[in-house]
Amino acid sequence: MNLLVILTLLGVFNINVAFSRRRSKERSSSPQVIHKETCLSGNGSSYRGTVSKSASGRRCLNWSRFENLWGIGDHSYCRNPDQRLKPWCYVRKNRRVAKDYCDIPKCSPSTVKPPPSTTTVKPPPSTTSIKPPPAVDTELTCGEKSERKMNKIVGGSFTRIESHPWVASIFNKGGFLCGGSLIAPCWVLSAAHCFSDGEGTNIKHLSVYLGKRAINETDDIREQNFTVEKLIVHQKYNENNFNNDIALLKIRSRDGRCAVQSPSARIVCLPPSHTRLPAGFHCSIAGYGKERVGAWRYSQILKQAEVNLISQTDCRSKSIHHRNLLTENMFCAGSPDWSTDACKGDSGGPLVCEASGRMFLFGVVSWGVGCAEKNKPGVYTQVSNYNQWIADITQLPEYTAGKLYPTK
């Protein structure tokens with residue numbers, strides 16, 4: 001009798017388990033909210049599929065081969081870790097490493113994760129799709145950056161281009177030449193000594209990049225590249241003492257545009273004419289220059305460092321060489337322990353100082369004795385002495401007026 005009861009109970013239990021499994025299988029076959037899509041939803045930041053070729057058909061490289069800022073892992077699948085337009089990956093293009101978008105199949109409406117809202121929002125009536133013009137910086141949007149986290153410059157540390165989005169890299173015949181700063185959508189400010197032939201330089205050999213984090217990589221997604229339409233070297237530049245060491249480049253893309261605003265390409269503010277900051281003021285420099293004197297190559301990745309402004313009197317007293325060459329169109333800066341400085345390859349790049357939450361271009365990397373040597377600070381062109389010169393050439397007086405600089 002007891003055996004019959006036990007067998008009956010086991011039979012009921014097996015029926016319930018089978019029914020439960022069947023119900024579970026039915027539920028799993030119905031549409032669900034997908035948290036890790038294997039198809040493209042939105043910008044694809046939650047895509048976790050296995051597409052491993054770019055839209056151009058190139059094989060994606062393994063993420064672990066590169067400086068892994070994203071924590072993506074040891075694989076070569078397309079991902080979107082930095083909120084770009086859609087997933088991308090590293091590929092090889094003409095023996096260089098580049099970033100390329102991927103073609104990911106779009107999710108069907110039944111598999112797309114719904115927004116976390118209980119209110120149903122009706123879409124606006126359909127109209128003819130008109131693509132808005134690309135955003136362009138103005139004198140009223142200068143000096144802003146989306147990335148504030150600091151991660152050569154001798155000393156200093158690697159930094160993302162979004163921390164210094166006005167940094168321009170100038171190339172001559174495909175080789176890195178100098179740095180520069182985007183001061184208006186069509187204009188880059190640099191140093192005159194970068195162009196040894198002056199205005200006789202063949203501008204057809206020059207190219208300018210914005211958004212470039214590494215000079216040995218091509219990032220088609222983040223970068224903008226330009227030809228040089230005009231090169232204007234200051235008419236009173238003195239190559240013997242580097243006085244008036246300043247130059248302007250007018251840039252133009254292949255489709256005739258100037259720089260488009262993006263997190264990796266912004267213009268830097270210019271301070272009002274003849275504005276000077278006090279000694280000891282903290283500023284920052286950024287560039288791809290050599291990390292020490294005698295280094296055989298430039299820093300491949302953008303670096304930044306903090307420096308303090310030094311008074312003219314102190315700068316002249318620290319070095320006989322500075323005493324003989326320093327003019328009122330120059331100023332000095334360095335770190336208190338002489339551990340950070342600009343070096344060869346940083347020439348033309350920016351020295352920026354913050355005021356009221358915006359970055360203002362006070363200096364252009366000009367010259368120095370060695371790199372990060374004691375009592376031999378770096379020397380910079382005093383940008384605010386050239387506001388009128390810049391306005392006359394660019395015909396953009398609104399950019400040189402320093403409207404956003406605090407009055408007190």
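What you see is a predicted model; the values in this text were computed from it and never measured.
Pairs passing the salt bridge (Lys or Arg N to Asp or Glu O under 4.0 Å) check and including a residue from residues 252-264, sequence neighbours excluded, read E229-R252, D255-R257. Screening residues 167-193 for side chain to side chain donor-acceptor pair (under 3.5 Å), with sequence neighbours left out, gives H193-D245, H193-S347. Screening residues 185-256 for disulfide bond (SG atoms under 2.5 Å apart), with sequence neighbours left out, gives C178-C194, C186-C258.
Not a single salt bridge (Lys or Arg N to Asp or Glu O under 4.0 Å) links R59 to another residue, sequence neighbours left out. The side-chain hydrogen bond (donor to acceptor under 3.5 Å, both in side chains) check on R92 picks up nothing, with sequence neighbours excluded. Considering only residues two or more places apart in sequence or on other chains, D392 meets the salt bridge (Lys or Arg N to Asp or Glu O under 4.0 Å) condition with none of them. In terms of the salt bridge (Lys or Arg N to Asp or Glu O under 4.0 Å) criterion, residue partners of D100 (sequence neighbours excluded) are, by chain and number, K93. The salt bridge (Lys or Arg N to Asp or Glu O under 4.0 Å) test applied to E239 returns no partner, not counting sequence neighbours. In this structure H282 satisfies the side-chain hydrogen bond (donor to acceptor under 3.5 Å, both in side chains) test together with N308, sequence neighbours excluded. With sequence neighbours left out, T275 forms a side-chain hydrogen bond (donor to acceptor under 3.5 Å, both in side chains) with no residue at all.
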Cut-off 3.5 Å, no hydrogens considered: what does the side-chain donor-acceptor table look like for residues 199-212, sequence neighbours left out?
| residue | atom | partner | partner atom | Å |
| --- | --- | --- | --- | --- |
| E199 | OE2 | V233 | N | 3.3 |
| T201 | OG1 | G198 | O | 2.6 |
| N202 | OD1 | K204 | N | 3.0 |
| K212 | NZ | E217 | O | 2.7 |
| K212 | NZ | E223 | OE1 | 3.4 |
| K212 | NZ | E223 | OE2 | 3.0 |

List, one per line, each side-chain donor-acceptor pair under 3.5 Å for residues 135-143, sequence neighbours excluded.
| residue | atom | partner | partner atom | Å |
| --- | --- | --- | --- | --- |
| D137 | OD1 | T141 | OG1 | 2.7 |
| D137 | OD1 | Q261 | NE2 | 2.9 |
| D137 | OD1 | R266 | NE | 3.2 |
| D137 | OD1 | R266 | NH2 | 3.0 |
| D137 | OD2 | R266 | NE | 2.7 |
| D137 | OD2 | I267 | N | 3.1 |
| T138 | OG1 | L140 | N | 3.1 |
| T141 | OG1 | T138 | N | 2.9 |
| T141 | OG1 | T138 | O | 3.2 |

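By the 6.0 Å contact criterion, OH on Y77 is open, its count of non-hydrogen atoms from other residues, nucleotides or ligands being 12 or less.
Side-chain contact of D74 with N62: a donor-acceptor pair under 3.5 Å is present, judged by distance alone. Side chains of R222 and S264: no donor on one and acceptor on the other come within 3.5 Å. Side-chain N/O atoms of R58 and S56 include a donor and acceptor closer than 3.5 Å.
The SG atoms of C315 and C332 lie less than 2.5 Å from each other.
Here the side chains of Y399 and P185 are in contact, with some heavy-atom distance below 4.5 Å.
Between W63 and Y90, the ring planes lie perpendicular to each other; the angle is over 60°, past the 30° to 60° tilted range.
The only member of N241, V379, T381 that meets side chain to side chain contact (heavy atoms under 4.5 Å, CB included) when paired with W367 is V379.
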